Amino acid sequence: QKEVEQNSGPLSVPEGAIASLNCTYSDRVSQSFFWYRQYSGKSPELIMSIYSNGDKEDGRFTAQLNKASQYVSLLIRDSQPSDSATYLCAVTLPGAGSYQLTFGKGTKLSVIP
Amino acid sequence: EPEVTQTPSHQVTQMGQEVILRCVPISNHLYFYWYRQILGQKVEFLVSFYNNEISEKSEIFDDQFSVERPDGSNFTLKIRSTKLEDSAMYFCASIYLAGEREQYFGPGTRLTVT
């Protein structure tokens with residue numbers, strides 16, 4: 001069973017703080033990992049992709065992947081009220097060249113001004 | 001910046017009616033996908049499409065659903081006889097190449113079945 005697990009939250013952090021979002025996945029063959037941001041009523045917006053163990057930084061965002069622990073995380077530095085959204089973790093399997101995404105339920109982040 | 005577009009943004013239909021949801025993927029993308037998200041639930045994969053045929057489909061994608069790319073630009077999802085439980089947001093997504101695995105989503109179509 002392919003599962004992606006996230007804490008549903010809400011996770012509340014003060015403005016300027018670091019928000020830490022976590023995700024675990026059950027399928028060891030998972031190859032690609034993504035973080036999407038979804039505002040209420042809107043579509044998922046890609047923030048970060050990560051494919052190999054370690055850290056990947058893009059501006060205020062850092063994705064961390066540990067395949068041995070089947071764990072991927074997203075750090076948001078200097079959190080802003082505009083970062084308040086639901087963050088979706090998604091993984092893909094390399095099946096038939098399809099790369100369809102399996103999503104977690106998402107973690108709702110609230111950044112308090 | 002190129003975007004995936006979807007029409008309509010909101011579709012209201014009666015149970016048992018057929019609906020067609022339309023998507024225009026990014027022009028040089030090769031793989032296309034449909035996902036759905038029931039209110040308050042997670043995003044779920046429906047079907048992937050490559051080289052004018054279905055590549056993979058989920059258990060949700062039963063005989064009531066079909067997809068096609070009729071004219072080289074539009075990518076459509078048809079639901080033949082809608083049910084109340086088909087009410088959801090439907091998202092189209094696409095990727096450029098097999099090696100580039102980042103999927104870009106359209107704005108979605110909210111389908112309401114009454």
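Remember, predicted model here, so these are calculated numbers, not experimental data. Throughout, protein chains are lettered first and strands after them, A, B, ... in sequence-line order, and every chain is numbered starting at 1.
- Contacts of B:Tyr50 with chain A are absent, with no heavy-atom separation under 4.5 Å from either backbone or side chain.
- By the 6.0 Å contact criterion, NZ on B:Lys83 is enclosed, its count of non-hydrogen atoms from other residues, nucleotides or ligands being greater than 12.
- For the atom pair CD of B:Glu44 and CD of A:Gln100, the computed distance is 13.0 Å after rounding to the nearest 0.5 Å.
- A:Thr102 is not listed as a side-chain neighbour of B:Phe45, based on a closest heavy-atom distance of 4.5 Å or more.
- B:Tyr35 touches chain A through its side chain: at least one heavy atom from C-beta onward sits under 4.5 Å away, while N, CA, C and O do not.
- In this structure, B:Glu85 places its CD atom where more than 12 heavy-atom neighbours from other residues, nucleotides or ligands lie under 6.0 Å away.
- Hydrophobic clustering of Ile, Leu, Val, Met, Phe, Trp and Tyr side chains at less than 4.5 Å, counting indirect connections, keeps B:Val47 apart from B:Val43.
- Atom CG of A:Leu101 sits about 4.0 Å away from atom CD of B:Gln103, to the nearest 0.5 Å.
- Neither the backbone nor the side chain of A:Glu45 has a heavy atom closer than 4.5 Å to any heavy atom of chain B.
- The CD atom of A:Gln38 sits 8.0 Å away from atom CE of B:Met89, with the distance rounded to the nearest 0.5 Å.
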Check against side-chain contact (heavy atoms from CB on, under 4.5 Å), B:Gln37 and A:Phe103: CA-CA 11 Å; B:Gln37 186 176 32; A:Phe103 282 86; over 6 Å; no
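- Minimum interatomic distance between B:Pro107 and A:Ser43 (heavy atoms only, all atoms of both residues): CA-OG, 3.7 Å.
- A:Lys105 touches chain B through backbone and side chain together, each having a heavy atom under 4.5 Å away.
- Taking a 6.0 Å sphere around CG of B:Leu84, one finds it holds more than 12 heavy atoms contributed by other residues, nucleotides or ligands.
- In this structure, A:Lys67 places its NZ atom where more than 12 heavy-atom neighbours from other residues, nucleotides or ligands lie under 6.0 Å away.
- Atom CD of B:Gln64 is surrounded by more than 12 heavy atoms from other residues, nucleotides or ligands within 6.0 Å.
- Within a 6.0 Å sphere centred on CG of B:Asp63, heavy atoms belonging to other residues, nucleotides or ligands number 12 at most.
- Interatomic distance, A:Phe33 CZ to B:Arg101 CZ, rounded to the nearest 0.5 Å: 10.0 Å.
- Counting heavy-atom neighbours within 6.0 Å of A:Asn7 CG, excluding the residue itself, gives a total of 12 or less.
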